[in-house]
Amino acid sequence: MKKQLLTSVLAMAMFGSTAAMADQHKHEQDVAIAIHGGAGTITRANLSDEQEQAYRDKLAEALQAGYDLLEQGASSTDAVIAAIQVMEASPLFNSGVGAVYTWDAEHELDASLMEGLNGNAGAVSGVKTVKSPIHLAREVMEESVHVMLSGEGAEQFAEQQGLELVDNSYFNTERRYQQLLKAKEKIEKSEQPEQQAWQYLDLDYKYGTVGAVAVDKDGLLSAGTSTGGMTAKRYGRIGDSPIIGAGTWADNESCAVSATGHGEYFIRHHVAADICSRVKYKGLSVTEAGDEVIHGVLQQAGGTGGVIIIDAEGNVAMPFNTEGMYRGYMKAGGESEISIYNDNE
Ligand code: ASP
C-alpha cells in the first residue's frame, strides 16, 4: 500500500488532480464499504422481529447501493453518498426523514464528508430544508472554498447549487414526535430543566445517526455521516457528526471513520481522528485502534456510542460500547455481514 501511496503522491505532483492520479493507477484494488445506522440501547427485548427485519433490509439496501457503485469503478465518495442517501430517505434512522425533533419541534440536520487522499472535506450544520444533507456536504467540499457552512447560509448555498429543498415537515415522523414529548416531560421535571436532553435519556436512548466509509478501486478512502442530532436539542446545539475529526475522518495513510453516539464526548475526545492517528503513528490495526478509543478513552470519559472504520486495504472494524449498533460491511469476494446486537450474530 505504501508503494501505491507514493505513486499517488508523485502522480498528484505531476498532474495536480485526483482524477489524473486515479488514471495513473495501473492495478485495481479490492473495494469495500461499511455502514452504520446508529448505536444505543438496542436489544432483542426492545426490537420486534418485524422491526429487526426492517432494519436489516434497509441496511442491506444501503450497503448494496454503495457496493454496486464501487464495483462499477465509482469513487469511494460516490459510494458513501449513495449508501447514506438510502438511509436518509428511510424513517428508520435519525437522518433525513425520521430525524429527531428539536426542543421547538423542528428538525435541524448536520452532515459531513471527508476524502482520505488530500484531506478534502465538507460539512453542514443546522440545516432545515435540505432534503439530502450529505449531498450538500459534498457540494461544500467540491464547489466552495469552505469546509463548513451552517443554518440559513448553508441553505442559501444549497439553493444556489440547485439542490432539492423541502419543507421542514418533510422530515416528520410520529415516532420521533412521541420521543420528543417524552423527552421534554422528563427534562421539565428534572433538576436542571434548562439543560440538554441526554442526561435524562441515556438509559433508553438510541442514537440513530447514519454513516458510511469506503475504499474504492484506486485505494482511496472516504467517510461520511448524516444526522438529526439529539432529541430535544436547543440553542442551536451541534454534535460531532458535522465536525471533521470528531464524527468523520478520512486519511489514506491510516483509515476512514464515521461515528454515532453522544456527540459532546466525541468532540471533546476527537474520536474519529484519534483512531486514525493511532493507526498512523502507533502502527495499530483498525481493530486495535478502534478498541483503544471506544472501549478505552471514550468509555473512561463516560461517553457512549460507536464507530465504523476502514483502511485502504479494506480491513473493517465496527466497535461500540452501547448495547447495540446497526451496522454492516460488504467486501469484494462476497464477504458481507449485517449485525445489530453486541453478540455478533
Ligand atoms: N452523534 C450524534 C450527535 O451527537 C447523535 C447520534 O449519533 O445519533 O448529534
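Both counts, for ligands and for their atoms, begin at 1 and track the order of listing. Index from 1, following the sequence.
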So is Gly38 touching ligand 1 or not, going by heavy atoms under 4.0 Å?
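Under 4.0 Å: no for Gly38.
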
Ignoring angles and geometry beyond distance, decide whether [X] reaches within less than 3.5 Å of ligand 1 through its nitrogen or oxygen atoms.
{"X": "Ala259", "result": "no"}
{"X": "Gly261", "result": "yes"}
{"X": "Glu264", "result": "no"}
{"X": "Gly263", "result": "yes"}
{"X": "Thr209", "result": "yes"}

Considering only heavy atoms of [X], which atoms of ligand 1 have at least one such atom less than 4.0 Å away?
{"X": "Gly229", "value": "5 (C), 9 (O)"}
{"X": "Ser241", "value": "1 (N), 2 (C)"}
{"X": "Arg237", "value": "3 (C), 4 (O), 9 (O)"}
{"X": "Gly208", "value": "8 (O)"}
{"X": "Asp240", "value": "1 (N), 2 (C), 3 (C), 4 (O)"}
{"X": "Thr260", "value": "6 (C), 7 (O), 8 (O)"}

same_hphob_cluster([X], [Y]) at 4.5 Å side-chain heavy-atom cutoff:
{"X": "Val140", "Y": "Leu109", "answer": "yes"}
{"X": "Phe320", "Y": "Val316", "answer": "yes"}
{"X": "Val97", "Y": "Val100", "answer": "no"}

Could you grab the distance from atom CG of Asn315 to atom OG1 of Thr287, nearest 0.5 Å is fine?
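Between atom CG of Asn315 and atom OG1 of Thr287 there are 7.5 Å.
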
Establish, yes or no, whether the cationic atom of [X] lies under 6.0 Å from the six-membered ring centre of [Y] and within 45° of the ring axis.
{"X": "Arg268", "Y": "Tyr265", "result": "yes"}
{"X": "Lys331", "Y": "Tyr329", "result": "yes"}
{"X": "Lys184", "Y": "Trp103", "result": "yes"}

Residue part near ligand 1, for Lys233, under 4.0 Å between non-hydrogen atoms
neither

Residues clustering with Val86 (ILVMFWY side chains joined when closer than 4.5 Å, directly or via others):
none

Listing, residues 152-164 side-chain donor-acceptor contacts under 3.5 Å, not counting sequence neighbours, or none:
from, atom 1, to, atom 2, distance (Å)
Glu155, OE2, Lys128, N, 2.4
Glu155, OE2, Thr129, N, 3.1
Gln161, NE2, Glu139, OE1, 2.9

